[in-house]
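Structure first, then comments.
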Amino acid sequence: MSEKKRILSGVQPTGNLHLGRYLGAIRNWVDLQNDYQCFYSVVNYHAITMPYKPKKLREQSWDLVYRLLACGIKEENLFIQSLVPEHTELAWILNCNTSYGELGRMTQFKDKSKQVRETDKDMFISAGLFTYPVLQAADILIYKPSLVPVGKDQEQHLELTRNIAQRFNNVVGKKYFELPEPLFTRIPKVMSTADPNRKMSASLGEKHNIDLFTDENRIVKQIKSAVTDSGEVKSDAMSPGIANLFNILWEINPEEHGQFLEDYKKGNLQYGVFKEGIAESLIDYLKPIRERFEEIQADKKQIRRRIKDSSAEIRKVAAQTLSEVKELSGLL
Ligand code: TRP
């Protein structure tokens, strides 16, 4: 089979696919497909660690599949986590090689359990939320990747994955798992256009993120209403809002970025023109993605079948690892 190094990453089927997620992660995933053997997962088992609705979860999972394919992820590299149940079996074994204490130190657990407590008094904090990072470790280790492209927010989970792998190796007395390295994306955070001091995210609400698949008028409107100067203007520092817009433009149209930056340096950047330029560039840039999405919409049934097939193919790799792990662990 392929001699290429492997990559694994996962994305939760919650929240919309917005520009921050795309520029910060998905675009990178697409590019990495040229040089690596890639395993990309819609991690729906992770999505049920927080309060959820079954029907919505199913819809969101498939919807994310369509959108990822529209972005350029190849069908054969994409799978749905719950179609590869070996992840959960490996997670159990790894759970027993993970200490309660280190899971309690995970900042994402602290943040999310706080979120559950604050948003829904009747809801409990699930045991799954607590052991979530172990399932993530299983997602990763089961494919023996060398690299895991993630955002900086996942650094602690990657560190834990390496610790778990190391511990497993010690227990079985063999360097079975390689310790995978995180691959952080090149670009700094894309910030909300409505509040450029906060990261662009789905959970902040609609006006804070630019959905890749929203209609073009809305994109224009969102860029036009982007916050530029907020409050006091410090003489020579670029305001966070302007810096964020430059950042976005750099990612989608570097040439135009250069031109506007010159205007800015000369002190004659016109915000209206600047914003129009960005909106136009963004619409051009997203055009092929949106067109592919239209095509996919017409072919959903076939696509679902093919993703089930690719998941079954990928499952073979996972099954192989799991059987080796069980053998090494004395689980018959
Ligand atoms: N925890 C990741 C997130 O919240 C999602 C994820 C689950 C993941 N399993 C993974 C990321 C494996 C990388 C590798 O974004």
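Everything numeric here is computed off the predicted structure, so don't read it as measured data. For ligands, and for the atoms within them, numbers begin at 1 and follow the listed sequence.
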Look at the side chain of [X] and the backbone N and O of [Y], then say whether any donor-acceptor pair between them is shorter than 3.5 Å.
{"X": "Q222", "Y": "N209", "result": "yes"}
{"X": "R292", "Y": "K287", "result": "no"}
{"X": "Q37", "Y": "K5", "result": "no"}

Distance-only side-chain donor-acceptor flag, K144 / Y176, under 3.5 Å: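 Their side chains do contain a donor-acceptor pair, which is all the 3.5 Å distance test asks for.
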S82 and N44: side chain donor to acceptor below 3.5 Å: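 On atom types as modelled, these side chains qualify, holding a pair under 3.5 Å.
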Nearest non-hydrogen partners of K4 and N34, listed with the distance: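 Looks like NZ-O, 3.7 Å.
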Need the list: ligand 1 N/O atoms against protein N/O atoms, distance under 3.5 Å, rounded to one decimal.
from     : atom 1 : to   : atom 2 : distance (Å)
ligand 1 : 1 (N)  : Y132 : OH     : 2.8
ligand 1 : 1 (N)  : Q136 : OE1    : 2.8
ligand 1 : 1 (N)  : Q154 : OE1    : 3.1
ligand 1 : 4 (O)  : Y132 : OH     : 3.1
ligand 1 : 4 (O)  : Q154 : NE2    : 3.3
ligand 1 : 9 (N)  : D139 : OD2    : 2.7

